[in-house]
Structure formats: structure tokens, C-alpha cells
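For reference, the structure discussed in these notes is given below.
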2 protein chains.
Amino acid sequence: MDLGKRLRSRGYRVTPQREVIYRVLQENEGKPLSLDDIHSLACEKRPGLGLTTVYRTLDLFRELEVALPVHLHGDSQYYEINEGKHHHHMVCLSCGDVELLEACLIEEIEDIVRDGSDFMITGHCMSLFGYCPDCLERGRGKGSR
Amino acid sequence: MDLGKRLRSRGYRVTPQREVIYRVLQENEGKPLSLDDIHSLACEKRPGLGLTTVYRTLDLFRELEVALPVHLHGDSQYYEINEGKHHHHMVCLSCGDVELLEACLIEEIEDIVRDGSDFMITGHCMSLFGYCPDCLERGRGKGSR
DNA sequence: CTCCTTATTGACAATTATTATCATCTATTA
DNA sequence: TAATAGATGATAATAATTGTCAATAAGGAG
């Protein structure tokens, strides 16, 4: 479903700012972006777009599940578009590079949860940390961090 | 291994502040604490302990892997002691309650990763989101957020 | 046990991140 | 096309985090 419908069906308006931010997320599928990343990229397409708007729009997108927050090591919040294949991330502790991992064992985990509690699972996130092939080759496998 | 050894073996000093913060983490095993939580609890045991010290100490504990950062929904950083059983978290989207989940399929996931890439996994984190039994009973299962 | 060296602390300032406010603008609907 | 209510951007206000530095105190030497 396209953005316009998703917005209007919940009573929100379609604005150029929202479309630009959406496009930025789309064009970077699989690459988690910080709020500043999103702001910079959006400003390239629409100079003057305010940082406040980026904050507000991502809150909205998160509510509409248009975007998903991504938790990487480090403090800042990253976002990714919620389209295409469900996936997780492998973060290199040395260079910070993020690789995608399409495998997901959530079904198995949900089975386990169901056996042990009455918690109802609706979503999840997982990140793997380690070292990417490049850094391993360059001997930056351990330590650094 | 106790805190003193872990600190001294890396050339760090054992201070009352660090011990207090460590004790706070220990006494709340399984309950992720924000930096403010830690600061408040530590101040009960040692009035005057500075917030700056809490920041610094948790950076240190993270480096020494005495504490682990926990990623929950929302922005702020949470920490937990790195002792006892490895586990994950189930976060209630309605009341914010956090339940522990001792099940972990990291071995299976590592197998999958090994087949598909040369990334070397050294750690991981996973959080499940949903609704706790209490909130489900009270009909706050869906929507709210 | 006491002294010395230097890591650590806490107060404070500086910076950065996030949120609130409000006048203006504009997407939507009639 | 006009009306209206949501959205934006500038700015201010607040909160979170980091840097600075003098004072303190941990750990080792004697």
C-alpha cells in the first residue's frame, strides 16, 4: 500500500515533506538511518525541511508502522522503512558496517514463549554484533571495539 | 569473578562509587535500569554520587562487559548486569513491563550466518514486543501503544 | 603505616539532542 | 474557490550527554 493511502486512511495529510522523507527511507532500504542522516538526505531533495519535521514525521511513521526503529550499538536511534523482506542486522564492532540477515527464527521463539508464558508477541528486534569479513582480514577482529 | 579483580586486572581502581553502582545492578538483575534509575538507586546508598560518575562508570562497565546495554522500545539506554543466565526481554507495549526470556536460539542463528557469510558473531541482543498477560486481561491488548 | 603518584570524582560549563510553542502555510473537503 | 483544521518551520525551552578542572583518594613504594 502506498504512503498516501496509509496516511489518509488514518486521517493524516499527505505533504511533500512526508513524501520526501518516505522516499529517503525507501531509497535506503536495508541501511538504518539516524535522524540526522534522514534530515540531510531529505534536505537534498527539499532544502529547508526542518529537523523538527523529521522528528515528528518519524514518530508518525513509527506509529503507522511505515518505519521501524532499529537498535544498533550506540545511543542514537536509527530508522528503516518497513517494507520488503523482514530482516535483522549484523553490526561490525570495528567499522560500524551493517549487513542484513534475512534469516529469522521468530516462529520458533514464539513457540517457546507460548509454552512458558501468556505473553502475546506482536513484534521483535534482533541485532548481531561481531566483525565483518573486511575487518577480520585486516586483523581488526578482536579488541578495538 | 568479583568486581575488584575485574577492575584491577585492567588497571582500573576500585572505588566506592563503582562498587555502589555495581551493587545496584546486581540487586536489580533482570530489570533493565536507565541511567537515571541507576543514579537514584546509587544515591540512596551513597548520597551525592554524581550523575557524571554514573555515565562514566557505565561506559567503563560496558567496556569491561560488567554491564550490558539493553535495547527496549523508546529512546533511552538501559543497562543490566552481565551475570547469571544469558537472557532476552519481552516488553509490554501497554504497561512497559519487562519479562525475562531465558530461551535463546543464538546457536541456530550462528549456524545460519556461518552458511551465508564470513561475518564473525561475538554477541547479540533480542527483544520481543507485545502485551503482557495482565494487560491482555484488562483488554489493553491492541491499539494503545 | 605514610607518602607519592595519578586515576577518579563531583561541580560546573558547554554542547548536543529532543520537545514545546506559535504564527504561518497548505492539504483537504464542501 | 473558500473555509478549516492539520502540518510546517523558526524559535525557545528543556533534557540528555560530554568536557573541564581542582580536589580527592586508591594503590604501590618505601
Side-chain angles (χ1 to χ4, degrees), chain A residues 2-25 32-64 66-67 69-79, chain B residues 2-24 32-64 66-67 69-79 145:
Chain A
D2 75 302
L3 182 66
K5 278 185 193 150
R6 289 213 251 184
L7 286 169
R8 289 204 195 87
S9 71
R10 299 274 300 258
Y12 296 106
R13 293 183 178 173
V14 180
T15 66
Q17 289 86 344
R18 287 172 179 170
E19 290 177 319
V20 163
I21 292 172
Y22 182 73
R23 205 134 44 82
V24 165
L25 291 170
L33 300 175
S34 71
L35 286 158
D36 275 334
D37 293 338
I38 295 170
H39 184 228
S40 313
L41 293 166
C43 277
E44 287 176 14
K45 296 178 193 296
R46 192 169 214 279
L49 192 151
L51 181 56
T52 309
T53 300
V54 175
Y55 274 95
R56 283 187 290 225
T57 303
L58 274 134
D59 277 349
L60 177 63
F61 281 6
R62 184 158 55 173
E63 181 194 324
L64 299 178
V66 167
V70 176
H71 301 288
L72 308 179
H73 255 359
D75 340 284
S76 33
Q77 188 74 264
Y78 289 82
Y79 289 93
Chain B
D2 74 301
L3 181 66
K5 278 183 193 151
R6 288 212 252 184
L7 287 169
R8 288 201 198 89
S9 71
R10 299 275 299 258
Y12 295 106
R13 292 182 180 174
V14 179
T15 66
Q17 289 87 345
R18 287 172 180 172
E19 289 177 319
V20 162
I21 292 172
Y22 182 72
R23 203 134 45 81
V24 164
L33 300 175
S34 72
L35 285 158
D36 274 335
D37 293 339
I38 296 170
H39 184 227
S40 313
L41 293 167
C43 278
E44 287 176 13
K45 296 178 192 297
R46 193 170 212 280
L49 193 150
L51 181 56
T52 310
T53 300
V54 175
Y55 275 96
R56 283 187 290 226
T57 303
L58 275 135
D59 277 349
L60 178 61
F61 282 6
R62 183 158 54 173
E63 180 192 326
L64 299 178
V66 166
V70 176
H71 301 289
L72 308 179
H73 255 2
D75 342 283
S76 35
Q77 187 74 264
Y78 289 82
Y79 288 94
R145 183 173 277 224

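To find a chain, count down the sequence lines: A is the first, B the second, and so on, and within it residues start at 1. For clarity, every value in this text was computed on a predicted model and none was experimentally measured.
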Specify the separation, in whole Å, of atom [atom1] of [X] and atom [atom2] of [N].
X: B/Glu19; N: D/dA26; atom1: CD; atom2: C1'; answer: 11 Å
X: A/Phe61; N: D/dA7; atom1: CZ; atom2: C1'; answer: 13 Å
X: A/His39; N: D/dG9; atom1: NE2; atom2: C1'; answer: 10 Å
X: A/Leu51; N: D/dT14; atom1: CG; atom2: P; answer: 19 Å
X: A/Tyr78; N: C/dA17; atom1: OH; atom2: P; answer: 11 Å
X: B/Leu35; N: D/dA16; atom1: CG; atom2: P; answer: 10 Å
X: A/Leu58; N: C/dT19; atom1: CG; atom2: P; answer: 12 Å
X: A/Leu7; N: D/dA7; atom1: CG; atom2: P; answer: 9 Å

[X], nearest nucleotide to its side chain (from [options]):
X: B/Thr15; options: C/dA17, D/dT17, D/dA26; answer: D/dA26
X: A/Arg46; options: C/dT18, D/dG9, D/dT17; answer: D/dG9
X: A/Tyr12; options: C/dT8, C/dT9, D/dA7; answer: D/dA7

(request) Show your working on side chain to side chain contact (heavy atoms under 4.5 Å, CB included) between B/Arg13 and B/Arg8 and close with a plain yes or no. (result) CA-CA 6 Å; B/Arg13 292 182 180 174; B/Arg8 288 201 198 89; over 6 Å; no
(message) Do B/Leu35 and B/Tyr79 have side chains that approach each other closer than 4.5 Å (heavy atoms only, starting at C-beta)?
(response)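 Touching, per the 4.5 Å side-chain cut-off.
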(message) Is there a side-chain contact between A/Arg56 and A/Thr53 in this structure, where contact means two heavy atoms from C-beta onward sitting under 4.5 Å apart?
(response)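 Yes, at least one pair of side-chain atoms sits under 4.5 Å.
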(request) Using only side-chain N and O atoms of A/Gln77, determine if any of them is under 4.0 Å from OP1 or OP2 of C/dA17. (result) no
(request) Would you indicate, yes or no, if C/dT26 has its OP1 or OP2 atom less than 4.0 angstrom from a side-chain nitrogen or oxygen of A/Gln17? (result)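 No, because none of the side-chain N or O atoms of A/Gln17 sits under 4.0 Å from OP1 or OP2 of C/dT26.
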(message) Suppose we call a contact any N or O donor and acceptor under 3.5 Å apart; does that hold for the side chain of A/Arg8 and the base of C/dT28?
(response)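 Side chain to base: no pair below 3.5 Å.
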(request) Confirm from the modelled atom types if B/Arg56 and D/dG19 form a donor-acceptor pair under 3.5 Å, side chain to base only. (result)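 In this structure, the two groups form no donor-acceptor pair.
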Produce the list of close N/O pairs, under 3.5 Å, pairing protein atoms with atoms of nucleotides 11-13 of chain D; give distances to one decimal.
none

(message) Under a 3.5 Å distance rule, please check whether A/Thr57 uses its side chain to pair with a backbone N or O of A/Val54 as donor and acceptor.
(response) no
(message) Is it the case that the side chain of A/His39 and the backbone of A/Leu49 share a donor-acceptor pair, with hydrogens and angles ignored and the cut-off at 3.5 Å?
(response)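 Yes, the answer is positive, given that a donor and an acceptor are paired below the 3.5 Å cut-off.
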(message) Both A/Pro47 and B/Asp36 contact DNA chain D. Which one's nearest nucleotide lies toward the 5' end?
(response)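 Result: A/Pro47.
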(message) Quick check: on DNA chain D, is the nucleotide nearest B/Arg13 upstream (toward 5') of the one nearest B/Asp59, or the reverse? Name the residue that is more 5'.
(response) B/Asp59
(request) May I ask you to say whether A/Arg62 pairs ionically with A/Asp59, meaning some side-chain N is under 4.0 Å from a carboxylate O? (result) yes
(request) Could you tell me how the ring of A/His71 sits relative to the ring of B/His71: parallel (under 30°), tilted (30 to 60°) or perpendicular (over 60°)? (result)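 Geometry flag for B/His71 against A/His71: parallel rings.
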(message) Return the CG to CG distance between A/Leu7 and A/Leu3, rounded to the nearest 0.5 Å.
(response) 4.0 Å
(request) Hey, which sits more toward the 5' end of DNA chain C by its nearest nucleotide, B/Leu49 or A/Ser76? (result) B/Leu49
